[in-house]
Structure formats: C-alpha cells, structure tokens
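Okay, structure first, notes after.
So you know, we letter chains A, B, ... as the sequences are listed, proteins then strands, and number each from 1.
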Amino acid sequence: MDKAYDHQKFENKIYEAWEKSGLMRADENSDKEPFTIVLPPPNVTGQLHLGHSAMLAIEDIMIRHQKMSGKEVCWVPGTDHAAIATENVVIKHLGLKSREELSREEFLKECRKFAQEKHDRIVHQIRKMGAWLDWSREAYTFDEERNFAVNTIFEQLYNDGLIVRGHRLINWSVGAQSVLADDEVEWGEEVEPFYYIKCGEFIIGTVRPETKCADSPLIVNPDAEYVRVKYTPKLQQTPKSPYQGTSENPAKKRKFIPYDKNLTKFARENRKNPTPAEKKMWYEIIDKLKKEFPNKWLRQRIIDNYIVDFYSPSLKLVVEIDGDSHFTKEGIEYDKIRTETLNKYGLNVIRFTNDEIINSPDAVYFKISKFIKEKNSPLAPLIEGGNPAKFENNLDERDGGSINTFILVKNCWKNPEERKKVLNLLDEDGTWEVLETMTGNELVEKIGEFEYDTYAGKRKFVVMADEVVDPNKGSGAMTISCNHSADDYDLGKRKKLDKYFFDKIDFAGKMLKIAGEAEGMSVKEARKFAGKKMEEMGLLTGIDKNYSHRVPLCYRSGCVVEPMVSPQWFISVEKEFTDKFTGEKTTLKKLTQKAVREKNVKIIPARFEKIYFQWIDNLRDWCISRQIWWGHQIPVFYCQDCQAENVFDAESTKNPANLCCKKCGSNNLKQDEDTLDTWFSSALWPFSTLGWPDENSRDFQKFYPNSMMETGHDILFFWVARMIMFARYATGKYPFETVYLHGLVCDEKGQKMSKSKGNGIDPLELIEEVGADAVRLSLVIGTTPGNNIPIGKNKIKGYRNFVNKLWNAGRFVQMQLDSSPLAPLIEGGNPANFENSSNKRDGGRIKAKSLADKWIADRFTQISREINEHLNKYEISLAGDKIYHFIWDEFCDWYLEAHKVEPNPLFLREIFLDILKLAHPLVPFITESLWKVLTNDDTFIVEQSFPQPDFEDKKSREIFGDLQEIVSEIRRIRAENKVNPKDKLNIEFANEINPETLKLIEHLAKVANGKVDKKQATKIFHRLAGHGAGNSELLIEIPVDEKAVAAEIKKLENLITSLKNRLANKNYVQSAPKELVAESREKLKNAEEKLAKLKSN
RNA sequence: GGGUGAUUAGCUCAGUUGGCUAGAGCAUCUCGCUUACACCGAGGAGGCCACAGGUUCGAGUCCUGUAUCACCCACCA
C-alpha cells in the first residue's frame, strides 16, 4: 500500500467495476421496499458545475445509505434538451447569425449532433462523482418516450380545456425574436429620464413617453381626493443679479443699450390687452425659456428685457450679430437670421458684436431666435410666413382654462417634495391657487372623455377610476398601454377596455403608424424623440433625469424585453375541470396548492413552504409556446382547408402524415410551428422516466412516486411546482414525498461563483486534483439545506487530508494483519472460527478483548445510531461531520494508538470494515478501495448492510473516558513545561490501578509508573471509573505549574458557583428534570473535591 | 415596496423540541520528522453568541423591537 492515497489509481477502476457488476440496475421485480430518486436532468449542452456536484453528492449519499439499509433503490439519470439555451449555443457554435440560415430539418440535425457530443461529456462528468445511477434507465427529455409522454399529457390537458390558445401578453425578446418565460427574463438597472407629461389638465409620469401617442384611458384612484389648481407664473419681479456689486457683473460690462426704452414702454402698455394669440405665444415662450434657462435670474432678465418685445405682434424684435452668418458659442452653431425675412414682418434688429455676445447673458438671445425658427414652434409661422391668426381658433382658455390649471391628487399637492418632482419645470415662484377639490370618482363623472395633445397629434382619453392607482405616488393619475405592459394589460382586461387593446410597437421593436412621426423608429429612438418633442411642445411639467429603474432584459440577446400581445398557447391554471381521480371539480392551481398544504409533499427546509405558497397563490397562466425550433413541437394541427384546430392522441401523432382533420376530414394539415417551453417536458420527468403513460408498467408500479426530489432552491417554482402540478394532474399522485433543496455553491466569502469573478471551480479539475471523495465531503459538510454552500481551497484540502487519513488507518490495519500471527486466518481461513465470542458486535464474530476494543465498539454503536438517524432525517451535513470526527478523533487518535499496546488484529479489521461501511455513502471510493484491499474478495461494500450494531459497554465507556482525560491532562502538563517528548516521566498513582489501564496511560502519555519525588511533582486529580468511588490522586514528576493550577482553580470555582446557584434555586430543584438535578449535584461534588485537593496542595 | 433568512473565535460555520463551564475546521502560536499518516502528532491562545427589552428556575436557543447583511418576489404611473 502506498504511503499516501492516490485517488487516481482507484476511482475510475472502481466506477467501472460498479457498472460492470450490474448492481446499479434497479430490479423492478424485487420485493424490497423501493427508494426512488430521479436525477434532475442537467442541461445536455451545459457543463457540470459544482452545483451539480453537490446535487449528485447528496443524492448519492441518500441512495447508497438506503441501498445498504435494504431498500431497492432506483436512481434514474438523464439529461435535459434545454430548448433555448441549446439553440443559442448551437447557433453560436455553427457561427450562424440566425437559425434561419439553415432549414428547420438541417438545424435540428445539427442540434441533435451537438447534443449527443455534449451528452457524452456530461455523463462522463456525472460518473466521475461516483454516482450510483441506474444507467440502464437513462432518459432524455427530448427522446421518443418523453415525446410520447408530452403528447399524451398535452392531449389530456387540451381535452380538459386547460390548454388554450389566446392572445396574451408575453415577454417578447426583440433580439431573439422569441417569447421568454418570466424566469428567462433578467433584470438590469438603467438610468433613464422620467417624464411628467401633461395630459390635458392631468399630469402623468412615465419612463416610456413613446407609448403616450395614442388614445388612452386615464386612470385615477376612485376614492382619493384630487385638487384642481391654478398656476400663475411670477414674471414681473426681477430677481437680483448674483453678480450685483461685484466687478464681474456682466451688466456693467455691456457697451450698448439692449433695448429701446420707448419700444419697451409701448410694449408694456400693449400687454395689458393682449389678443388670445399673443397670450398663447407668450406662455409658450415662457415654457420654453424655463427649459432653456434654468438659471432664474438669467431667465428673468431675458423676459424683462427682451421677450416682452415679442409679446406684441406689432413690435417684433429679433437680433443679428455683426451681420455674420454664424455665431458659435459652446460648440453650437446658430444660423444667421435672415434680416430680409425679418424685416418683411416688421421686425426690429439689434446688432451685437461678437465680443459683447460671448460671455454675456445676452448671448442667450440667440437661442431664443433659434427656438422661434424651429418649425414646431407656434411662433414659426410668424417668422416663416405663417398666419398668427391660426392660433386664435382653438385656444385653450389660458386664464381659467386648462393650460395652466392642473389636476393633482391631494397627496401630491400637499407634499412639497412630491410636487416638486412632478412640476420641477415650472417656475417655483409662481403662485398657486386651489380651485376645487373632488374625488377620483367625481372626476370620472365631470370630465369623462376629452382631447389632449400627444407628440403624435391630438388624441382622446377617457377618465376612469381604479384602485391600482396609488394616490401616494406621483401626480395620482396614469394612462395605460394595454398591449405593452403587464399591469396595464391586467387592468384593461379587468375593466374590459377592449377598444384600447392595440399595438403601438411591432415584433421587430419598431413603432407603428400610430406613433406619427416616430413611425418606424426603434423603441429607443422613439423614446428620445418623444421626450424631446413633448418638451418642445411644452407638454412636460417635470423631469427626473437620474431616474434609476430595473428593466427586463433578454438573457440570451441582452436586449430589452418588450411586453407584447401575441397569439400563444397557455395552460390555464385557474380554469375548472373534473379531476378524473376524485371526480371533483378543481383547478390546477388548487391541486398544486394542496400538495404542500396537506403535507403530501414535504419541503426541506420548511421555510420554503411559505415561499412556495406565496408563489402559487400569485400563479398566472403559463405560456408554453416558444418560437424556437429545438424542442417538442406543439402537437396541434391546423387544417389548411377548414382552419380547424386538431389535437390527436399521442399514438396517432407519431405518424403525422396519416392524420385527417377531425372536422372536415382533409389531410391537408399543418402542425403548429412553435415548440413547447422546456419546462413542459421537464415537468413530466418524475413519471415520464418511469414508464408513464403506461401506468401498468413495472417501473411505474414499483418506483413511482419518487421518494425524494433533490434540487437547487432556485428552481423551486418553475420546476418543482410544475412537476407537482403535472404529476398530480396526470397520475393522481404527488410525484415525490420530500423535496430537499440545496443552496447555491459559492466561494468561501459567500460570493457566487462566476467566470467573470474568476472564483469558479471546475469540478472535473477538482476531482482530478483531490479526488471525488474529498469533493463530496466539501460540498456536503458544513452546509444547511437551502443555504449557500461555501467551498474553498482550505475546506477542500481539509477533506482531502481526511481521505488520506482514512487511507493510512487502513494501511495500519493492513500492517497489523500482515505482522499478526493470525494473518493466515484472514487470507484463507474462516472468520466464523471466532464465533465463540460472547460479544454481540456484528453478529458476535470477533471478540473485543481489550478495554480499548470494547470502548471503540461501544462508541461505534452510538455513532452508527446517530448516523442512521441523521441520514434518515436528511441531515447529511451532521452525519458527515460526525463520521469525520469519529474516524479522526476517536478511531485514529485514540483507538489505533491504544491498539498498539494490546493488538487484536482481527478485531481491528472487523471494526475498521464496519467503519468503512458507515462512511461509504459519503466517501464511496476510498472506502471501496480499502474494502478491496482488506477483504480481497469480489464483493462490493455497497452490498453490505449499513451498520446497526447493538454492542454496548457502559463500564468500558466510562473507564476509557476517564483515561482520556488523564492522558490529556498529562500531555498538557508536559507541553506546558516543555518536557522533551522523548523523555518518559514518572507518575505515581495514589490508588491501586488496573494494570491494563496503566499500560494504556503509560503508552499514550509517555509516562512510566514509579516512585515520584514529591518535591518535584505536580498533582492531578482524577477519577477513574471502576477504581473505587471518588477522585484519586495522580502524581507526576514535573515542577508544579502555578499558573496552570491557578487557572484550574478559577475554572473550578466558576463552575462551583454556577452549580451552587443553580441548586440553591428552589424553582430549579422543583421544576427541572430530576436527572438533571442529580447530575448537577454530582458535578458539584466532584468539582468541590477536586478544588479542595488542589488548594490543599 | 412585499417576503424569507442570517448576525456565535481572525475566517467559514455547527450548536435538532430551552439544561452550555458555548464547539469544529482553517488560520495563528509552542513543541515534536515517535516504524499508519508531516495530506501528521501533542498542546496553547483566541467569544458581552449583533444591540435593547421580555418570558422562564434557567436563553446562543423562545417572544418583541432596533441595526446591518444576504436572498426571493413584484416592479408598475
């Protein structure tokens, strides 16, 4: 035997031997009680990661333990075709831009080929973990049997009316051109402007202004109070210049008079009686200015000095610079204003020099000019040649009209912060006046339907009330886009807003005609466009440029997911049907809820039951169709002649060419092009792998339902819950008794493993390095179900060391046997010869002779019981921890050392083999290796029965326990006094001591019994069971260690105080269990004796 | 925003219906290559068990509150 365990020499060979033995195959005709686990199928094109390793380790431990405990175990392996993920990988692998570069047939062929290659790799990886799987039953979610199962349940659900085709809101990935399941959507953080938009008098908030281009219901909260307020900008006062009194005051530097006093005066007078057109222009200009010039002082200057002149059509004013055609400031180029045109309209021109303009607040003037020039400005016609009278027609009543009145929910109006958010583009100094207060319901009545401006023209909206509107958020009103938002969709359905279900965006992610000028733009472009346009139109009242929110992203293409309405197949979870097993009316949702509520399925850890309910209670219909090719094609056939929809039984579906339309008999049928969500076939896994739909098959009869389902807690919902749903629906039984959820594997610091962080560990490399056993232990010990599984180099190293320790213990056993005179008996002899023993351990074959033998046999009994109990309760971590410490701390550190004093090789071999059995489920390879070495026969350790010894020896337990204490104490004294380990110290017992015990102590503590010079001695007070009652005295030939004695005294005193207090407490003596009280008394007595002797020393 | 869990030694965590003088692994320190194992052995040091209350004879454990962290769900004007 090698000095160190070399896992590479053994693991592959052993696994091959297991497979060859045929023992891994579950016997469906066995009369043993079954224990079934169906392996959660890894993605066939994926790679095994440590999460899979953890899964395999846990399940393998359970399987081996149950097998050794006499069950007929059946662990079914398999892989998943992972529809979307695989399709992606294949597309990438082939270097395609899209799958359409190939025909459907060709593409599927490539997928199959690719999947087969990858399948072999992943199966290899699974074997490396040592999993005791029944490979003869290996399944694949996309093989023929599973396809048959899929078609069978599809037909059943369809006939029960639970599968329906409908127009529903789905997550549409523009990049991938496919529907995504909710769980396939990833969320990313994005900062986008958040707009508050005027809709008539209302204000709504949105990050998606591009959707605000169409007729829409405007929803208010029915019971919340709303206020109509009037806003009057405060324009008359000139704020003080921030430059006033400083040398930097630009006003002082001005070399010209910016306006003609007389003109201004004239204008002011005129302003008193403005025409409606003038008023409108005026307000438009103010609105624009606010956005252009956030600096209030500056803005006011402009208003007071210049804009006033615009105000009166009869006194128009425009500027020109030096007669140049350009003026550049801050990189913006302004066109020359055509003097001729201006003059034509009677505009005055003021000339600036460049120097005067740059660095002068007056420069802003040009921006105004630019604004006026822009086509969309209401003033444009004035400049370009339009007719101002045009604006007189449909003027809102500016004063008392809708343009400067706003309807806000009272909460927003009262809350200055909220209000500021909504209205931050308006002048803060404006005055506000509350005109009236009314509830949402009253608003609905009073306002009803009316027109408002959108970026794409005039639209109508109708005011409605609904509770979804949160009166504490924003302005308290919202408009909805039924086809482009899940909540809006629900609301629309609830309110039956049929005419508002229309698309604004197409499946390519482009805006439709309804978006007016934005038609054909991508959503992103349209969003910018709409924002800008609305700003220009003065439709914005507030804007939050740093609004951060989460956006749904496609996990494949990374593009933003658009909620869209599309024809899809759904499973109706709330539709009633008659349960064929009970005859009761029920729904899929109810059945799924019942599973856990009525304890048909137990979830470990239990807290996930709560999470399960939370999810099920909010369950929506499940969209099962996918626009991809790689998957189970939806078994629905559309008649090309009469358009009928046909679903056939699975048997007929096998030959699509022979199918005829059920309605018109035509055989001109076309199968639905879409495929099923990958979870559809996965949901059948627990029974489709066991013969279903043939419920009379031996496998189904014997092994269904499964005993446990072990998987990551991250797929509780979309897999576990759906398995429960389908299993109960199709088989009438819940698919498994227990769900064991493990956590995510993460590094030592609790961080998720990921390639980008570089903290990922490849299981194969790890196994190569330290062996599968060490990997298994690392993944299993120190973990709690449902919690993260921390794993790191140190931990792994520790368990590798343990495996080596076990190996060396085996080596020691082997050496003992080799050198033993009894060796021949083992090689060819019959151990039954040893049956005369009266000890019952392991059928009473080999006698436990010495104290140590009896002690370890007794301990083994206790540990075995605990391990059995832990494993039965799925407490794998605790079981592993106990085996680890039993083997290392007790067997190796104490028993093997003690064994050297009084060898008993046959017994040693027996107990060691038993320990190997006990440890086998956790560390199958090393135990099997040692089993082979030590038994030298063809049996496998897994064929042995799991230890359930009943040997007990209380006396040996006590004596050995005391002995351990004494030895530890002596060792401590030696270490603290720096005694050379080679030196033997003399000790002297005050009492008579059993020679066997003494021999052990001498060996273990490196001491010799003899006369001790009392002046040089340290006293130890010990109690040795079986040597008379009470404490006895042990002298050891070492100078007294004052410090140690003082420490011991203090420790004892503390203990005594605590015990005394406890016993002095009448309530304690009365209420606490009697044994406990007696124990405390005993402890106190011992402690006091010990203390007294220590002090007297 | 709604929910769940966590907080114990420098680090990673055990601590199962309350009985604890609070444990383990790693790291650290001291001593030792003693013929199973240096992937080892012996020993030491290291803790107001997050904080504040409460229940109890007794609280790391149960209850309430606070703080911090993690995860899940919803994402919405």
Side-chain angles (χ1 to χ4, degrees), chain A residues 1 3-5 187 194 196-197 203-208 218-219 468-470 473-480 485-488 491 549-552 605 607-608 610-611 614-615 618 713-714 716-717 743-744 748-750 770 774 781-784 786-788 790-795 797-816 869-870 873 875 877-878 881 884-885 889 892-893 896-897 900 968 971-976 978-982 1005-1006 1051-1052 1054-1056 1058-1059 1061-1062 1065-1073 1076 1079-1080 1083 1087:
Chain A
M1 283 174 85
K3 212 169 173 186
Y5 175 59
W187 292 85
F194 188 93
Y196 290 97
I197 304 169
I203 297 171
I204 59 156
T206 186
V207 271
R208 303 199 56 180
L218 186 138
I219 318 290
V468 293
V469 175
D470 182 349
K473 264 190 185 170
S475 57
M478 66 183 209
T479 59
I480 63 173
S485 151
D487 288 331
D488 295 359
L491 183 68
H549 68 137
R550 284 160 56 87
V551 289
R607 69 185 149 93
F608 278 96
K610 279 185 200 168
I611 298 173
Q614 198 195 336
W615 186 76
N618 296 321
H713 68 70
D714 47 333
L716 173 65
F717 304 133
L744 287 174
E748 291 155 303
K749 285 170 191 161
V770 300
I781 299 182
T783 68
T784 329
N787 284 4
N788 283 357
I791 189 163
K793 272 188 185 166
N794 285 333
K795 192 173 175 187
K797 212 167 95 188
Y799 292 114
R800 181 210 51 188
N801 293 354
F802 169 73
V803 171
N804 189 57
K805 185 80 180 172
L806 189 54
W807 171 258
N808 272 292
R811 204 157 83 96
F812 177 77
V813 174
Q814 181 65 26
M815 285 168 134
Q816 292 296 307
E869 212 169 291
H870 285 314
K873 280 158 58 183
E875 293 167 350
S877 173
L878 290 177
D881 200 53
Y884 176 94
H885 282 110
D889 298 350
C892 291
D893 287 352
L896 291 189
E897 285 309 311
K900 290 172 186 168
S968 295
R971 283 174 178 168
R972 210 204 82 231
I973 291 167
R974 291 179 64 116
E976 289 197 347
K978 314 264 187 258
V979 177
N980 188 326
K982 282 176 182 164
K1006 287 236 151 148
K1051 217 171 152 189
L1052 281 170
N1054 285 343
L1055 177 60
I1056 288 167
S1058 137
L1059 287 170
N1061 285 341
R1062 191 182 297 177
N1065 186 333
K1066 277 180 197 165
N1067 288 322
Y1068 171 70
V1069 180
Q1070 277 166 16
S1071 319
L1076 202 67
E1079 200 187 309
S1080 301
K1083 270 188 193 168

ask   = What orientation do A:Tyr5 and A:Trp807 show, parallel under 30°, tilted 30 to 60°, or perpendicular over 60°?
value = tilted

key: Base-pairing mate for B:C76 - Watson-Crick or G-U, with both contacts under 3.5 Å   = none

task = Using the closest heavy atom to pick a nucleotide of RNA chain B for each, name whichever of A:Val207 or A:Ala4 lands nearer the 5' end.
result = A:Ala4

message = Any side-chain to backbone donor/acceptor pair from A:Thr479 onto A:Leu218? Under 3.5 Å, distance only.
response = no

ask   = Looking only at atom P, what distance separates B:A50 and B:U35, rounded to whole Å?
value = 47 Å

inquiry  = Nearest whole Å is fine: how far is B:U16 C1' from A:Lys873 NZ?
reply    = 6 Å

note = From CD of A:Gln814 across to C1' of B:C37 the rounded distance in Å is 15 Å

Sugar-phosphate only, base, or nothing, as touched by A:Pro1073 at under 4.0 Å among non-hydrogen atoms = base

request  = Using the P atom as the reference point in each nucleotide, state the distance between B:A22 and B:U61 in Å, no decimals.
outcome  = 14 Å

task = Grab the CG-C1' distance between A:Leu716 and B:U4 for me, whole Å please.
result = 13 Å

query = For A:Lys3, which contact category applies under a 4.0 Å heavy-atom criterion: base, sugar-phosphate, or nothing?
reply = sugar-phosphate

task = Report which part of the nucleic acid A:Leu1055 touches: base, sugar-phosphate, or nothing (heavy-atom distance under 4.0 Å, all strands).
result = base

task = Can you tell me the pairing partner of B:G46 across any strand shown, Watson-Crick or G-U wobble, with both distances under 3.5 angstrom?
result = none

task = Please state how far atom OH in A:Tyr799 lies from atom P in B:G25, giving the value in whole angstrom units.
result = 10 Å

Side-chain donor/acceptor contact of A:Arg811 with base of B:C37 under 3.5 Å = no

ask   = Looking across every strand, which nucleic acid part, if any, lies under 4.0 Å from A:Ser485 by heavy atom: base, sugar-phosphate, or nothing?
value = nothing

message = I'd like the C1' distance from B:U4 over to B:A74, given in whole Å.
response = 15 Å

query = Atom OH of A:Tyr884 to atom C1' of B:C26: distance rounded to whole Å?
reply = 9 Å

ask   = Paired with B:A6: which nucleotide, if any, by Watson-Crick or G-U wobble criteria at under 3.5 Å for both distances?
value = B:U68

inquiry  = Base, sugar-phosphate or nothing for A:Glu869? Non-hydrogen atoms, less than 4.0 Å.
reply    = nothing

inquiry  = Among B:A36, B:C57, B:C39, which nucleotide has an atom closest to any side-chain atom of A:Asn804?
reply    = B:C39

query = When all nucleic acid strands are considered with a 4.0 Å heavy-atom cut-off, which category describes A:Leu896: base, sugar-phosphate, or nothing?
reply = base

request  = Mark yes or no for whether A:Asp881, through its side chain, and A:Ser877, through its backbone, hold a donor-acceptor pair below 3.5 Å.
outcome  = no

query = How far apart are the C-alpha atoms of A:Arg811 and A:Lys3, what are their side-chain angles, what is the distance that settles it, and do they pass the side chain to side chain contact (heavy atoms under 4.5 Å, CB included) test?
reply = CA-CA 8 Å; A:Arg811 204 157 83 96; A:Lys3 212 169 173 186; 3.3 Å; yes

query = So what does A:Glu875 touch, heavy atoms closer than 4.0 Å: a base, only the sugar-phosphate, or nothing?
reply = base

key: Along RNA chain B (nearest heavy atom to each residue), the more 5'-positioned of A:Glu897 and A:Lys797   = A:Lys797

request  = Take A:His885 and A:Phe802 through the side chain to side chain contact (heavy atoms under 4.5 Å, CB included) test and state the conclusion after the steps.
outcome  = CA-CA 10 Å; A:His885 282 110; A:Phe802 169 73; over 6 Å; no

inquiry  = Need the pair for B:C57. Rule: Watson-Crick or G-U wobble, both distances under 3.5 Å, any strand; none if unpaired.
reply    = B:G19

key: Inter-nucleotide P distance (B:C39, B:C26), Å rounded   = 13 Å

query = Choosing from B:U16, B:G19, B:G43, which nucleotide comes nearest the side chain of A:Leu1076?
reply = B:G19

request  = Give a yes/no answer on whether the side chain of A:Thr784 brings an N or O atom under 4.0 Å of OP1 or OP2 in B:A14.
outcome  = yes

Donor-acceptor pair present, A:Lys805 side chain and B:C37 base, under 3.5 Å = yes

query = Which of these nucleotides, B:U34, B:C37, B:A24, is closest to any side-chain atom of A:His885?
reply = B:A24

query = Within the structure shown, what part of the strands sits under 4.0 Å from A:Asp893 by heavy-atom distance: base, sugar-phosphate, or nothing?
reply = sugar-phosphate

B:C69 and B:U12, which share atom name C1', separated by this distance in whole Å = 16 Å

inquiry  = I'd like the C1' distance from B:U28 over to B:C11, given in whole Å.
reply    = 11 Å

ask   = What interatomic distance, in whole Å, is found between C1' of B:U68 and the corresponding atom of B:G25?
value = 27 Å

ask   = Roughly how many Å is it from CG in A:Asp889 to P in B:G25, rounded to a whole number?
value = 7 Å

message = Taking the C1' atom in each of B:A24 and B:U64, what is the distance between them to the nearest angstrom?
response = 33 Å

query = Should A:Ile781 and A:Tyr799 count as side-chain neighbours, where that means a heavy-atom distance under 4.5 Å?
reply = yes

key: Nearest-0.5 Å distance, CG of residue A:Asp488 to CE of residue A:Met478   = 5.5 Å

request  = Look at the side chain of A:Ser1080 and the backbone N and O of A:Leu1059, then say whether any donor-acceptor pair between them is shorter than 3.5 Å.
outcome  = no

query = For B:C40, what is the paired nucleotide under Watson-Crick or G-U wobble rules, both distances under 3.5 Å?
reply = B:G32

ask   = A:Phe802 has an atom CZ; how far is it from atom P of B:C40, in whole Å?
value = 12 Å

query = Which nucleotide, B:G43, B:U21, B:C57, lies nearest any side-chain atom of A:Ser1071?
reply = B:C57

query = Taking OP1 and OP2 of B:C40, is either one under 4.0 Å from a side-chain nitrogen or oxygen of A:Asn801?
reply = yes

inquiry  = At 4.0 Å (heavy atoms only), tell me whether A:Arg971 reaches a base, stays on the sugar-phosphate, or touches nothing.
reply    = sugar-phosphate

message = Could you identify the nucleotide paired to B:A24, looking across every strand shown and requiring Watson-Crick or G-U wobble geometry with both distances under 3.5 Å?
response = B:U12

inquiry  = For a quick check of understanding: with a heavy-atom distance under 4.0 Å over all strands, which category does A:Ser877 fall into, base, sugar-phosphate or nothing?
reply    = nothing

note = Interatomic distance, CD1@A:Ile480 vs OG1@A:Thr206, rounded to 0.5 Å, equals 12.5 Å

remark   = Side-chain contact check for A:Lys1006: nearest option of B:U34, B:A36, B:U16 is B:U34

remark   = Separation of B:C72 atom P from A:Ile611 atom CD1, nearest Å, is 10 Å

